[in-house]
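Keep in mind that this is a model prediction, so the values were computed, not measured. When reading the values below, keep in mind they use all heavy atoms of this one structure, side chains included, and skip hydrogens, waters and symmetry mates.
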Amino acid sequence: ALFLLLASLYSTSAITLDSDRDQPAVVDAQDIEIDFSSGLWTYRGDVTIRQGTLYMQADEIQLFFEEDALTRAVANGAPAIFEQQPEGGNHLLKGKARNIEIDEIKNIAVFVGNAKLQQGRDVITGESIIYDMETEKITVRGNASALGQTRRLLVSDIDQEEDPNK
């Protein structure tokens, strides 16, 4: 596996929270292809990216740069995984889907293909989930041909029953 410390050359800091931006970004992959002329960095084979609280894992991750600034990240996997601690939040935000695209210009994360987003005990599933990271607005769309349809499951502490035998 190759380890690449990106902090000194290019950075994934646009994806990260303010508190993560000063942390070094480490990418682990079996293969790395960098096209400096187009700004496309492609990582393949058991790819992980870690920077502060940000963690991504996928079969392939593509990072798109314009003028040395990250504009978009695309992760494909079975599933691709995204995790990050929200600024000031108590629970890790976890997302899974076949495809995850993070648009740094619009500050939006799109999860497509058996998508799941979880924060604490709140879980949202659907064929696609659009998460506006700035406003924290979530749009969930189901697939009309799928049996599961879109669903939201909320579990609160009140709903949890304690086992008296514990």
Side-chain angles (χ1 to χ4, degrees), residues 4-29 34 38-43 47-143 148-157:
L4 181 59
L5 187 62
L6 296 176
S8 62
L9 188 55
Y10 283 84
S11 176
T12 59
S13 65
I15 294 174
T16 63
L17 301 171
D18 290 338
S19 59
D20 292 337
R21 291 182 188 205
D22 293 332
Q23 302 294 317
V26 178
V27 178
D28 182 11
I34 300 171
S38 70
L40 173 61
W41 293 40
T42 303
Y43 303 89
V47 184
T48 60
I49 296 177
R50 183 170 302 277
Q51 184 176 20
T53 68
L54 170 76
Y55 174 78
M56 290 183 76
Q57 177 184 349
D59 298 327
E60 178 181 87
I61 296 178
Q62 294 179 311
L63 301 179
F64 298 83
F65 293 89
E66 288 182 17
E67 298 179 10
D68 298 343
L70 181 66
T71 59
R72 192 166 55 112
V74 177
N76 296 297
I81 297 170
F82 172 87
E83 296 179 359
Q84 188 171 44
Q85 182 74 38
E87 198 75 58
N90 294 330
H91 299 289
L92 197 63
L93 177 68
K94 299 178 181 181
K96 291 183 180 182
R98 283 191 306 272
N99 175 274
I100 301 172
E101 182 170 342
I102 300 171
D103 184 325
E104 289 303 317
I105 305 302
K106 296 178 182 175
N107 208 18
I108 292 175
V110 179
F111 302 80
V112 178
N114 200 23
K116 177 180 178 182
L117 197 59
Q118 177 178 353
Q119 187 170 18
R121 293 182 178 157
D122 292 339
V123 179
I124 298 173
T125 62
E127 182 57 28
S128 69
I129 299 172
I130 301 167
Y131 176 57
D132 186 317
M133 295 181 279
E134 188 173 322
T135 65
E136 296 186 9
K137 178 183 176 184
I138 298 172
T139 303
V140 183
R141 294 194 172 100
N143 185 340
Q149 292 300 320
T150 301
R151 67 182 178 144
R152 176 180 168 107
L153 171 65
L154 294 173
V155 181
S156 68
D157 292 333

What I'd like to find out is whether the side chain of L93 reaches to under 4.5 Å of the side chain of L117, using heavy atoms alone. yes
Taking T71 for its side chain and F64 for its backbone only, find out whether a donor-acceptor pair lies under 3.5 Å. yes
Work out which heavy atom in A80 is nearest to a heavy atom in R98; give both atom names and the distance. CB-O, 4.3 Å
Taken in chain and number order and not counting sequence neighbours, the residues that satisfy side chain to side chain donor-acceptor pair (under 3.5 Å) with Q57 are Y55
Least distance between heavy atoms, A78 atom then D59 atom: N-OD2, 3.4 Å
Sole candidate of E101, E104, E66 that passes salt bridge (Lys or Arg N to Asp or Glu O under 4.0 Å) when paired with R72: E101
If we only count heavy atoms from C-beta on, is the M56 to I61 side-chain gap below 4.5 Å? yes
Assign the ring pair W41 / F65 to parallel, tilted or perpendicular, where the plane angle (0 to 90°) is split at 30° and 60°. tilted
With distance as the sole criterion, is a donor-acceptor pair present between the side chains of N76 and N99 under 3.5 Å? yes
Would you compute the distance between atom CD1 of I49 and atom CG of L63 and round it to the nearest 0.5 angstrom? 4.5 Å
For the residue pair I129 and I124, establish whether any side-chain heavy-atom pair is separated by less than 4.5 Å. yes
With a 4.5 Å limit on heavy-atom distance, are the side chains of T48 and R50 in contact? no
pair L54-F82: side-chain heavy atoms closer than 4.5 Å: yes
So which heavy atom on V110 is nearest to which on I108, and how close? CG2-CG2, 3.9 Å
By side chain to side chain donor-acceptor pair (under 3.5 Å) - contacts of E60 (at least two apart): R44
Where do F111 and A97 come nearest, in terms of heavy atoms and distance? CB-CB, 3.8 Å
So, T53 side chain and Q85 main chain: donor-acceptor pair closer than 3.5 Å or not? yes
Residue pair Q119 / K94, side-chain heavy-atom distance below 4.5 Å: no
Do I130 and R141 have side chains that approach each other closer than 4.5 Å (heavy atoms only, starting at C-beta)? yes
Has Q118 got a side-chain atom pairing as donor or acceptor with G120's backbone, closer than 3.5 angstrom? yes
Non-hydrogen atoms of V112 and S128 that approach each other most closely: CG2-CB, 4.2 Å
Can you name the residues that form a side chain to side chain donor-acceptor pair (under 3.5 Å) with N114, not counting sequence neighbours? none
List the atom of A75, the atom of A58, and the distance in Å for their closest heavy-atom pair. CB-CB, 3.9 Å
